[in-house]
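Below is one structure, written out as structure tokens, with a few remarks after it.
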Amino acid sequence: MGSSDLTAAAVLAAVHEFDRLGREAFLARYGYHENRWYLLKHDGREYDVATIVGAAYGYLPGGSPVEGTDPLPDKRAKEILEGLTFSVQEVRGPAWTREEIILACDLLKQNGWRALSTDDDRVIELSKTLQKLGAHPAEVRGPKYRNLNGVKRKTADLATRLPGYPGKQTRGNRLDSEVLLDFLERPEEMEEVARGILRGVENGEFEGLPDLPDDEDGDGADEGRLLLRRHLVRERNRPLRNKKINSVLREKNCLECEVCGFDFEKVYGDRGARFAECHHAVPLHVSGEVQSKLDDLVILCSNCHRMIHRGRRWLTPPELRELVLARRERAAPAV
Ligand SMILES: [Zn+2]
Ligand SMILES: [Zn+2]
């Protein structure tokens, strides 16, 4: 096919056919694979560039559609369409999650806050890690998922968001700035979190974790959804919980919440007997693979447990207790 022998009229004819048949039937008719990494934008609708161009050749006088499952390279199709003044948009892969940005930030920091290049071993390493981490299901990853270029671009985007960066900020999002700020304010803690994520990826611990219920604010958590999911799964370990509950009952003869004092049995009678939640007080990204000890578990009521995990930084039980006590005092000042 020549450089620009295609016409806008032929492209529009293909677009109309696409509209008429619908995407699936259109692809089936030409035998093309779907390819959604560059999209032609026309009248508020989107079309796979290569399939439109491939089909458009069939609308030239005496022409025929390009054959093959992938009619032509995306970039070439993009050039042709833009040459005809159509607008084409590159589709980026799925957005970076909090834990992914944490790893990118950690690398950027190791590099003295300077963006890295694609031939840097550490970029290669991180790209592999992110692909293994699989923060997004395979179906939506696409062919460029967290490739070297993507990782490099992320470190560059992050670098432009540093306070006092002299140039213009590149695209990036709110989450980028948030994680970056966390790294600047609490570097050690964030490095610890990064190490916890890396360890989890290496051990394959994130595979097959149940997702969080929608109301669990995992996105806002420092540790991101993956570490929170792992934390909750481990806390629900029944034998360990039972052991803890038995030992507390033996010792105190009740299961009061260590933060607010709520006792399920007192309030709910038999129905609440032997019930309490157990929270791992040692963040698991710190303790890593170490076997949980009974002393690491804290007895909490369900409300206090949720409040501990809510928000960007998990509170420690003493921190939450302080908060609750301070509010109680304000509500009922001592006389
Ligand atoms: Zn409580
Ligand atoms: Zn917990």
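Just follow the structure's listing: the first ligand is 1, and inside any ligand the first atom is 1. Just so it is clear, the structure is predicted and the values come from calculations on it, not from any experiment.
- None of the N, O or S atoms belonging to H280 lies under 2.8 Å away from the Zn ion (ligand 2).
- The atom name of the N/O/S atom in E235 closest to the Zn ion (ligand 2) is OE2.
- Of all the N, O or S atoms in H279, the one closest to the Zn ion (ligand 2) is ND1.
- Every side-chain contact (heavy atoms from CB on, under 4.5 Å) that N147 has, sequence neighbours left out, goes to K144, N149.
- A donor-acceptor contact shorter than 3.5 Å is absent between the side chain of S127 and the backbone of V123.
- Protein N/O/S atoms closer to the Zn ion (ligand 1) than 2.8 Å number 4 in this structure.
- Taking the charged nitrogens against the carboxylate oxygens, E79 and R76 do have a contact shorter than 4.0 Å, which makes a salt bridge.
- For R241, there are no salt bridge (charged side-chain N to carboxylate O under 4.0 Å, His left out) partners two or more places apart in sequence or in a different chain.
- A tilted orientation is assigned to the rings of H305 and H309, their planes being inclined by 30° to 60°.
- A donor-acceptor pair is defined here as one N or O able to donate and one able to accept, closer than 3.5 Å; such a pair exists between the side chain of K244 and the backbone of L294.
- For the salt bridge (charged side-chain N to carboxylate O under 4.0 Å, His left out) test, residues two or more places apart in sequence or in another chain that qualify with K78 are E82.
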